[in-house]
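Here the structure comes first, spelled out in structure tokens, and everything after it is commentary.
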Amino acid sequence: SGLIPIKQALLIMAVLLVAVLALATQLNLAFQLILGIYFVSTVLYSMFFKSLAILDVCVLASLYTLRVIGGGVAIGAEWSFWLLAFSMFFFISLALAKRVSELTNIKTGDSEWIRGRGYQVGDLPVLINAGVSSGLLSILVVALYINADKVLQMYAFPQLLWLICPLLLYWIGRVWIITTRGLMHEDPILFAIRDRVSLLTVLCGALVVVSAVFLPVSF
């Protein structure tokens, strides 16, 4: 955005890169490999992929999913197909919301294209439909996960987990309504962190999960 001078930005990048490499040496080799893939993917995205329509949002969603994988590897957690599937669809929806927000913000101007991107204003209907569909697919993944045999063994009261579906439906629907009205911050993740309703929704979801774990079936 030009808020930081180039020389200062390069210095910050160098310092952070050294710090990251120093920290990564304290973790296992699998995490270091994922970190290397993430770094290369991010550089390629910044240099090439971000200007290619649709491919850019797929790469963005993959980067968010790589963070989930890296976190699991760092703490030695078992990989979950369900979590990865949910992450891909969920973050594709948010990435598309970012592009729709950018297009909506220039819609009232003279330009038809987003600078440095592969989209124009006429692409809005397709992007909105794809974004909403991806969000709904992420909810479907959660619904299928709740019915998995492993879940029935992990939770004392797994039926409560169904409450997560309407919470997600509400939040994703709200995000897309805000986006199509032109009120969305161009970074949906930043929006979610600062939005009180989003934080309250996360809190409700956490309470549902905790209740499903500890609430006795006899209740």
Side-chain angles (χ1 to χ4, degrees), residues 1-4 38 40-69 82-145 164-202 204-205:
S1 63
L3 295 178
I4 301 176
Y38 185 89
V40 172
S41 300
T42 303
V43 172
L44 291 175
Y45 171 79
S46 298
M47 296 179 65
F48 305 108
F49 296 143
K50 71 177 183 181
S51 61
L52 301 177
I54 303 302
L55 182 60
D56 62 334
V57 295
C58 293
V59 174
L60 275 179
S62 299
L63 290 174
Y64 282 117
T65 304
L66 270 176
R67 295 184 191 184
V68 175
I69 296 173
W82 298 106
L83 180 58
L84 299 184
F86 170 81
S87 297
M88 280 301 299
F89 287 121
F90 183 76
F91 288 119
I92 282 177
S93 181
L94 293 187
L96 286 167
K98 177 178 172 64
R99 294 294 176 259
V100 170
S101 176
E102 293 169 346
L103 284 170
T104 303
N105 289 340
I106 69 168
K107 191 175 181 180
T108 56
D110 297 330
S111 178
E112 287 289 322
W113 292 83
I114 305 177
R115 183 179 179 182
R117 310 292 186 188
Y119 302 97
Q120 56 181 327
V121 172
D123 298 328
L124 273 172
V126 175
L127 297 181
I128 292 172
N129 289 332
V132 173
S133 299
S134 296
L136 294 178
L137 282 173
S138 70
I139 301 174
L140 177 61
V141 171
V142 173
L144 294 173
Y145 165 75
I164 294 177
C165 293
L167 286 173
L168 279 172
L169 181 60
Y170 166 73
W171 188 82
I172 291 172
R174 180 172 177 270
V175 163
W176 276 100
I177 286 176
I178 292 174
T179 301
T180 54
R181 289 177 178 176
L183 303 176
M184 172 61 68
H185 188 284
E186 290 191 1
D187 186 347
I189 302 297
L190 186 59
F191 163 80
I193 294 173
R194 294 177 176 177
D195 180 48
R196 292 182 180 179
V197 175
S198 297
L199 296 177
L200 180 60
T201 304
V202 171
C204 290

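Separation of atoms CG (Leu94) and OG (Ser138) is listed at 8.5 Å; rounding is to 0.5 Å. Here the straight-line distance linking atom SG of Cys58 with atom CD1 of Ile92 works out to 5.0 Å at 0.5 Å rounding. Atom CH2 of Trp171 and atom CH2 of Trp176 lie 11.0 Å apart (nearest 0.5 Å). The structure places CG of Leu60 at 9.5 Å from CG of Leu96, a figure rounded to the nearest 0.5 Å. To the nearest 0.5 Å, the span separating OG1 on Thr65 from CZ on Phe89 amounts to 10.5 Å. In this structure, Ser51 OG and Tyr45 OH are separated by 9.5 Å, a value rounded to the nearest 0.5 Å.
Between Ala97 and Thr179, the shortest heavy-atom contact is O-CG2, 3.5 Å. Gly118 and Ala53 get closest at one heavy-atom pair: O-CB, 3.3 Å. Summarising the geometry of Gly135 relative to Ile172, their closest heavy-atom pair is O-CD1, 3.3 Å, with the distance given to 0.1 Å. Contact record, Val142 with Cys165: CG1-SG, 4.2 Å, taken as the closest heavy-atom pair. In terms of heavy atoms, Gly182 sits closest to Thr104 at CA-CG2, 3.5 Å. Residue Ala192 comes nearest to Leu199 through the heavy atom pair O-CD2, 4.0 Å, listed as atom of the first residue, atom of the second, then distance.
Without hydrogens or angle criteria, Ser101 side chain to Met184 main chain gives a donor-acceptor distance under 3.5 Å.
More than 12 heavy atoms of other residues, nucleotides or ligands shown are found within 6.0 angstrom of CZ on Arg174.
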Side-chain atoms of residues 124-133: list all donor-acceptor pairs with protein atoms under 3.5 Å, sequence neighbours left out, distances to 0.1 Å.
{"residue": "Asn129", "atom": "ND2", "partner": "Pro125", "partner atom": "O", "Å": "3.1"}
{"residue": "Ser133", "atom": "OG", "partner": "Asn129", "partner atom": "O", "Å": "2.7"}

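Counting heavy atoms from C-beta outward, Ile164 and Tyr145 have side chains that stay 4.5 Å or more apart. Residues Val100 and Tyr119 have side chains not in contact (no heavy-atom distance under 4.5 Å, counting atoms from C-beta outward). Counting heavy atoms from C-beta outward, Leu52 and Phe49 have side chains that approach closer than 4.5 Å. When side chains are defined from C-beta on, Val141 does not count as touching Leu137, because their heavy atoms never get closer than 4.5 Å.
Under 4.0 Å is where a charged nitrogen must lie from a carboxylate oxygen, and between Arg99 and Asp123 no such pair does.
Tested against Thr201 for a side chain to side chain contact (heavy atoms under 4.5 Å, CB included), the candidates Leu168, Leu167, Asp195 yield a single pass: Leu167.
Every residue two or more places apart in sequence or in another chain was checked for a salt bridge (charged side-chain N to carboxylate O under 4.0 Å, His left out) with Arg67, and none qualifies. Applying the ring pair (Phe, Tyr, Trp, His ring centres under 6.0 Å) test to Tyr170 and every residue at least two apart in sequence or in another chain returns nothing.
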